[in-house]
Asker: 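I'd like to ask some things about the structure below.
Side-chain atoms are counted along with the backbone in the values below, which use heavy atoms only and exclude waters and symmetry mates. Whatever order the structure lists them in is the order used to number ligands and atoms, beginning at 1.
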Amino acid sequence: MKKITILGSTGSIGNSTLKVIKANPGEYRVVALAAGNNIDLLYEQIMTFQPVAAAVSRGDLADALRNRLKGHSKTEILSGSKGFSMLAAIDEADTVISAISGASGLIPTYEAIRAGKGIALANKETMVMAGQIIMDLAKQKNIPILPIDSEHSAIFQSLQGHRKEDLKRVILTASGGPFRRLSLDEMKDVTPAMALKHPNWDMGRKISIDSATLMNKGLEVIEARWLFDLRMDQIDILVHPESIIHSMVEYMDGSVIAQLGIPDMITPISYALSWPRHIKTDLPPLKLEEVGRLTFERPDMGRFRCLALALKAVEAGESMPAVMNGANETAVGLFLDNRIKFLQIPEIIERTMDAHRPFNPDGIEAIMEADAWARGVAEKEAIRLGA
Ligand code: NDP
Ligand code: MG
């Protein structure tokens with residue numbers, strides 16, 4: 001029986017993970033849950049799964065939750081960054097699902113690895129900010145980091161039974177997002193509501209905006225680089241609007257191995273939990289005869305500048321990806337609050353990156369400093385743009 005902690009249990013990935021666990025009660029047990037502010041949903045999850053411990057972002061929310069749970073549950077309630085770190089390292093768990101959104105996921109994930117937990121990783125920002133540090137630590141602790149992100153799950157699956165040395169390149173597919181066909185002029189006035197309507201996937205708010213700007217694909221390139229130890233020239237991106245092929249691996253002899261499926265995160269979440277097995281889910285089958293056509297096109301970096309900026313950040317290396325990520329998160333937050341326009345997202349990221357002198361971050365603290373610096377600069381740049 002796998003004993004599981006979910007960081008970000010009240011989110012889109014967290015909820016889907018709980019569905020998989022509930023459908024396989026003999027295989028998995030929830031031992032700890034961490035959420036941000038949604039104590040109503042967390043309360044229900046605690047009542048259903050009776051974990052050993054749970055954590056929320058603030059002390060007052062923890063007090064309110066404890067009051068509600070009195071007499072119904074023995075779950076210990078923790079709070080704040082210390083609480084998250086303790087929960088991530090809790091003795092009872094052997095596996096941690098990293099599904100907090102954004103940079104807030106980094107430190108709890110790091111603490112989970114330090115405590116020797118196996119990781120199922122959804123929080124790509126962890127890899128973008130601190131890929132080298134995370135992979136070095138995971139190697140030292142001899143623990144696996146299994147991907148939940150659908151593209152990385154597809155690559156991981158396409159690598160099974162093949163020799164890594166025979167790999168030529170990976171091809172990350174991208175849906176292209178809701179604005180794939182819009183001109184720059186048409187993108188000027190798109191609203192958060194329009195950007196949140198993804199054609200194929202139902203996801204949290206931050207990643208939905210990243211999918212609309214194609215920053216999500218930039219973050220995924222960096223995630224793939226670290227997870228699979230690839231050179232940047234071994235990673236290609238192909239827009240595939242149907243989101244049926246989740247990614248591919250090309251080998252030296254010309255073979256291309258792909259993983260296909262309907263676009264639902266239940267599949268990659270299940271695989272990250274059950275690897276090397278494939279367990280049963282109640283998803284409808286993929287009917288290619290109904291899909292009809294699978295189409296592909298090159299990504300347009302001119303219209304989707306966020307993608308170009310992410311690649312530029314990798315090239316600069318050192319602290320630059322963490323700065324790019326922090327600036328993006330700030331800009332996305334401002335866009336969701338209607339304080340900046342959609343096309344100002346890349347503008348703010350670019351200005352923040354231009355102001356940064358990359359340094360070699362020697363640990364997680366240095367990464368968090370670069371992140372905080374980037375957020376400060378991005379805020380200022382946004383105000384200069386009229387936010
Ligand atoms: P959601 O916004 O749906 O959920 C985010 C979760 O993180 C919630 O449980 C939220 O808590 C919690 N959270 C947010 N901020 C904090 C914080 N500061 N401290 C503690 N907890 C916090 O996001 P998703 O589930 O969509 O995404 C989660 C991660 O998975 C992201 O990194 C995303 O890129 C990645 N991912 C998601 C995919 C998807 O299909 N959704 C696909 C591939 C990757 P609360 O709501 O209680 O405040
Ligand atoms: Mg993805």
Side-chain angles (χ1 to χ4, degrees), residues 5-19 33-46 54-58 61-62 65 78-85 87-88 97-109 111 119-129 146-156 172-177 196 198 200-211 214-224 227 237 240 243 245-247 259 261 263-269 272 325 328-329 332-333 336 368 371 375:
T5 292
I6 304 177
L7 305 172
S9 68
T10 49
S12 165
I13 295 289
N15 264 306
S16 297
T17 306
L18 286 171
K19 268 192 210 155
L33 297 172
N37 301 326
N38 188 349
I39 57 170
D40 292 337
L41 183 53
L42 183 59
Y43 171 82
E44 280 173 31
Q45 294 177 344
I46 292 172
V56 290
S57 60
R58 300 200 315 263
L61 294 172
L65 191 57
L78 309 167
S79 66
S81 48
K82 257 204 186 132
F84 287 130
S85 292
L87 190 106
I97 314 296
S98 169
I100 289 176
S101 59
S104 308
L106 173 59
I107 289 186
T109 307
E111 291 300 336
I119 305 291
L121 185 79
N123 180 266
K124 59 195 82 181
E125 292 87 350
T126 288
M127 283 300 178
V128 172
M129 296 173 76
L146 302 179
I148 284 181
D149 212 344
S150 57
E151 295 77 2
H152 304 75
S153 177
I155 294 169
F156 183 58
L172 281 176
T173 52
S175 71
L196 288 170
H198 195 278
N200 305 341
W201 298 94
D202 183 13
M203 309 178 286
R205 285 158 65 84
K206 194 256 173 183
I207 185 177
S208 295
I209 303 302
D210 285 346
S211 300
L214 288 205
M215 175 55 90
N216 185 49
K217 213 47 55 181
L219 302 180
E220 290 183 352
V221 167
I222 307 177
E223 181 185 13
L227 271 178
I237 302 169
H240 165 46
S243 295
I245 297 181
H246 298 307
S247 280
Q259 186 259 349
D264 193 308
M265 289 307 292
I266 291 287
T267 301
I269 291 170
N325 183 71
N328 177 56
E329 231 170 288
V332 168
L336 282 168
M368 292 312 288
D371 174 69
R375 284 164 196 268

Asker: Distance to 0.1 Å, residue and atom name: give those for the protein heavy atom nearest to atom 28 (C) of ligand 1.
Answerer: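 The answer is Ala99 O, 3.4 Å.
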
Asker: Tell me which part of Phe84 gets within contact of ligand 1: side chain, backbone, both or neither, using heavy atoms under 4.0 Å.
Answerer: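 Side chain only; the backbone of Phe84 stays clear of ligand 1.
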
Asker: With a cut-off of 2.8 Å, how many protein N, O or S atoms neighbour the Mg ion (ligand 2)?
Answerer: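 Excluding waters, the total comes to 3.
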
Asker: Please state whether Ser57 comes within less than 4.0 angstrom of ligand 1, counting heavy atoms only.
Answerer: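 Ser57 does not count as a contact of ligand 1 under the 4.0 Å cut-off.
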
Asker: Is Ser104 touching ligand 1 with its side chain, its backbone, both, or neither, if touching means heavy atoms under 4.0 Å apart?
Answerer: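 The answer is the side chain of Ser104.
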
Asker: Applying a 4.0 Å heavy-atom criterion (strictly less than), which segment of Ile207 is in contact with ligand 1: side chain, backbone, both, or neither?
Answerer: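 The part of Ile207 near ligand 1 is the side chain, not the backbone.
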
Asker: Flag Ile13 as yes when one of its N or O atoms lies below 3.5 Å from any N or O atom of ligand 1, and as no otherwise.
Answerer: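 Yes, since at least one N or O of Ile13 sits under 3.5 Å from an N or O of ligand 1.
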
Asker: Just do the side-chain hydrogen bond (donor to acceptor under 3.5 Å, both in side chains) check on Asn38 and Thr10 with the steps written out, would you?
Answerer: CA-CA 7 Å; Asn38 188 349; Thr10 49; 5.1 Å; no

Asker: Among protein heavy atoms, which sits nearest to atom 4 (O) of ligand 1, and what does the distance come to when rounded to 0.1 Å?
Answerer: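 Here the closest protein heavy atom is Gly11 CA, 3.1 Å.
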
Asker: Could you tell me which non-hydrogen atom of Thr173 sits nearest to which non-hydrogen atom of Ser247, and how far apart they are?
Answerer: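 Scanning both residues, the minimum pair turns out to be N-OG, 3.3 Å.
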
Asker: Which residue owns the protein heavy atom closest to atom 16 (C) of ligand 1, what's the atom, and how far is it?
Answerer: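 Ranking protein heavy atoms by distance from atom 16 (C) of ligand 1, first comes Ile100 CG2, 3.9 Å.
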
Asker: Show the nearest heavy-atom pair for residues Ile13 and Ala99, with the distance to one decimal.
Answerer: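 Result for this residue pair: CG2-CB, 3.6 Å.
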
Asker: Any idea which protein heavy atom is nearest atom 35 (C) of ligand 1, and the distance to it?
Answerer: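 I find the closest protein heavy atom is Ala122 O, 3.1 Å.
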
Asker: Note the single closest protein heavy atom to atom 3 (O) of ligand 1, along with its residue, its atom name and the distance in Å.
Answerer: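 Minimum-distance protein heavy atom for atom 3 (O) of ligand 1 reads Ser12 N, 2.9 Å.
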
Asker: Decide whether an N or O pair under 3.5 Å exists between Asp149 and ligand 1.
Answerer: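 It does not: no N or O of Asp149 is found under 3.5 Å from an N or O of ligand 1.
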
Asker: So, is Ser150 polar-close to ligand 1, with some N/O to N/O distance under 3.5 Å?
Answerer: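 Looking only at distances, the answer is no, because the N/O contact criterion of under 3.5 Å is not met.
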
Asker: Flag the pair Lys124 and Glu151 as a salt bridge only when some basic side-chain nitrogen lies within less than 4.0 angstrom of an acidic carboxylate oxygen.
Answerer: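 Salt bridge: no.
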
Asker: Within the structure, does Met203 bring an N/O atom to less than 3.5 angstrom of an N/O atom in ligand 1?
Answerer: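 For ligand 1, there is no N or O atom that lies under 3.5 Å from one belonging to Met203.
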
Asker: Find out whether Gln259 and Thr267 are in side-chain contact, i.e. whether some heavy atom of one side chain is under 4.5 Å from a heavy atom of the other.
Answerer: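 In short, these two side chains touch, coming nearer than 4.5 Å.
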
Asker: Testing His198, Lys217, His240 one by one against Ser175 for a side chain to side chain donor-acceptor pair (under 3.5 Å), which residue passes?
Answerer: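 Of His198, Lys217, His240, side chain to side chain donor-acceptor pair (under 3.5 Å) with Ser175 is met by His198 alone.
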
Asker: Under a 3.5 Å distance rule, please check whether Asn123 uses its side chain to pair with a backbone N or O of Ile100 as donor and acceptor.
Answerer: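 Looks like yes, one N/O pair under 3.5 Å.
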
Asker: Just let me know how Met265 lines up against ligand 1, side chain, backbone, both or neither, with a heavy-atom cut-off below 4.0 Å.
Answerer: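 It is the side chain that gets close, since no backbone atom is under 4.0 Å.
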
Asker: Provide, to 0.1 Å, the distance between atom 46 (O) of ligand 1 and the closest protein heavy atom, together with that atom's residue and name.
Answerer: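 The answer is Thr10 OG1, 3.4 Å.
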
Asker: Between His246 (side chain) and Ser153 (backbone), is there a donor-acceptor pair under 3.5 Å?
Answerer: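 Pair absent, no side-chain N/O of His246 close to backbone of Ser153.
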
Asker: What protein heavy atom sits nearest atom 32 (O) of ligand 1, and how far off is it?
Answerer: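 In this structure, atom 32 (O) of ligand 1 has Glu125 OE1, 2.7 Å as its nearest protein heavy atom.
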
Asker: If you have a sec, work out which protein heavy atom is nearest atom 48 (O) of ligand 1 and how many Å separate them, to one decimal?
Answerer: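 Looking only at protein heavy atoms, the one closest to atom 48 (O) of ligand 1 is Asn37 N, 2.8 Å.
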
